[in-house]
Amino acid sequence: MDYIIQTVISALSFGSFYALGALGIGLLFSVLRLINFAHGDFITIGGFALIVPSSAVVATVLIGGFHPVLLVICVVAIVIIVALLSYFLVFQHVQNSSPATMMIVSFALGYTLQNIILMIYGGRPKAVNIFPELTGQVQISDGVSVQILQLVIIAVTWILLIALVLFLRRTKVGVQMRAAAEDFRMARMLGVNGKSVIALAFILSGLLAGIMALLFVTQTGVLTFRMGTPIMLFFFIATVIGGMGSLVGAVVGGYAVGIVSVVLAAVLPGDIRIFRDALVFLIVIIILLGRPQGLVLTKSAKDRV
Amino acid sequence: MLLSVDNITVHYSRLPALREVSVFVDEGEIVCIVGPNGAGKSTTLLSISGVLNPTSGDITFDGKRINGMSPEAVARAGISQVPEGRHVFTTLNVEENLRIGTSIRQDRSDIEKDFKKVLEIFPVLAERRKQAAGKLSGGEQQMLVIGRALLTSPRIMTIDEPSLGLAPNLVDRVYETLLELRKDRGLTLLIVEQSSERALKSADRLYVLRSGQMQLEGNVADLQDGEKVRQAYFGFEESTTDDDEVAF
């Protein structure tokens, strides 16, 4: 029984993390038809922002030593600035190109960001310890204890999801963003400013990436210049499974991928466990064979003019 | 002259879709552009709205040059387009769709007044205020997009084939509404139509566009026998309509 509860919490927490990642990608895809493979590197930048820029072997905390509130604000702000810069310096100039072109540009941006980090911080992994109190265990009933951080990830995710839903439904710009996501050209013809809607999507995407950077680094305690790449792959898969262009789909896809990975890790016998990711991808292929449009259907799957 | 399209040429990749086309609209007029499929009618409207960029020629609105401006800037200048195929935001509800039309406006109290007025003109939209726009019938969606365009408080509204996909009695209804809007609010209208009969019935002036070139323009009063319009529409020497599929 303990094991089951622990597995469930762990699955939900993984799922939440992937859902946030998929949402960051889905937001940009919905208004711009951009699959942003640099999203994982935004998270990496959020992590490296915690320490003093230097290639020294032992990392010195900079923002990582701030008061927790200030720490969160600084990291999130830095990632938002990086996301906005990547729009104005890079994506804005290719936004009328095909989705394939934009995707390749995002790969290029991702590599560039990774190499900038490599140049400044060096290639060696660096240990960083933030929010150490969160990595402890908490007892939720007799003999069942789970990591506090897992509960925090789930809670943070749901707070962000609810805030995002309220923003998209209740605010004027939120409604404009939904309209632009469905029919970008029509929204512009009604006077919705296309550039600010896209910039807003980058801000939201950066906000999510910044928070994820904090959660991720708290969990792993290590910074490497390529740490965004493997998780980005899972976010992308989650977005595809959920159905490109649907934010609900991104969340559903994120949870699906997270839960499947954790459950496989729990039930697979030890020898096969190392092939877990391969099995996750196999399941993805099977899902997509049955539902190539993804789990959640969208009206706006068509291309924009 | 409120809107003037002066000798514009528009290319899709390298093929010309419009060749030196000119259209003008005076304040308070209803002007129709008619022509067969692929004549370049929608291209003309999309160029006015800043979605397409003419390779040569000028578009001026209220004395200001507007070609090269973004679609949102054109909308802000006072031109509102109802494009072909209606384009309601299906996942937004009726009220949200209408509110998008007010994005460009700051005059808050007037917005609320106009909002109420639009619901009075189209009572069906008031009834379905909270329903997803995708669930409306074709006719209701047409009302919604016209109402939405009205809420941008335009000086001229351009409409691409308001009759497309609607039953004949609904088409009558749409045109009645448009004529009333002209009468009550002095709205200027530039309408693209496939049916020349409809245009002869409702417009003040008429243009016939075929193969990306202007064939005829004139006052509807002078064209009532319809013969000239028909000839311009189908081409002169030809008895068949071979020439219709063009330009794209």
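Reminder, nothing fancy here: chain letters follow the sequence lines and each chain counts from 1. When reading the values below, keep in mind they use all heavy atoms of this one structure, side chains included, and skip hydrogens, waters and symmetry mates.
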Note, A/R178 side chain near B/F89 side chain (heavy atom, < 4.5 Å): no
Heavy-atom contact with chain A under 4.5 Å, split by part of B/R148: both
Rounded distance [0.5 Å steps], CG in B/N97 versus CD in A/E182: 8.0 Å
Contact leader toward chain A among B/T152, B/L92, B/I79, B/V88, where contacts are heavy-atom pairs under 4.5 Å: B/L92
Straight-line distance of A/M189 CE to B/L46 CG, nearest 0.5 Å: 5.5 Å
A/K195/B/E72 salt bridge by N-O under 4.0 Å criterion: no
Taking every non-hydrogen atom, the tightest pair across A/L190 and B/I104: O-CG2, 4.1 Å
Separation of A/M186 CE from B/I100 CD1 (nearest 0.5 Å): 10.0 Å
Shortest non-hydrogen contact from A/R188 toward B/A75: O-CB, 4.3 Å
Region of B/V145 in contact with chain A, defined by heavy-atom distances below 4.5 Å: neither
CZ (A/F88) with more than 12 external heavy atoms under 6.0 Å: yes
A/F17, CZ: over 12 other non-hydrogen atoms inside 6.0 angstrom: yes
B/R76 (side chain) donor-acceptor with A/G191 (main chain) under 3.5 angstrom: yes
More than 12 heavy atoms of other groups within 6.0 Å of B/K130 NZ: yes
Residue pair A/K172 / B/T102: nearest heavy atoms and the distance that separates them: NZ-O, 4.1 Å
More than 12 heavy atoms from other groups under 6.0 Å of CZ on A/R169: no
Pairwise distance CG(A/N193) to OG(B/S70) - rounded to 0.5 angstrom: 7.0 Å
Chain B interface, residue from A/A179, A/A187, A/G194 that has the most non-hydrogen pairs under 4.5 Å: A/A179
Engaged part of B/R99 at the chain A interface, taking heavy atoms whose separation is under 4.5 Å: neither
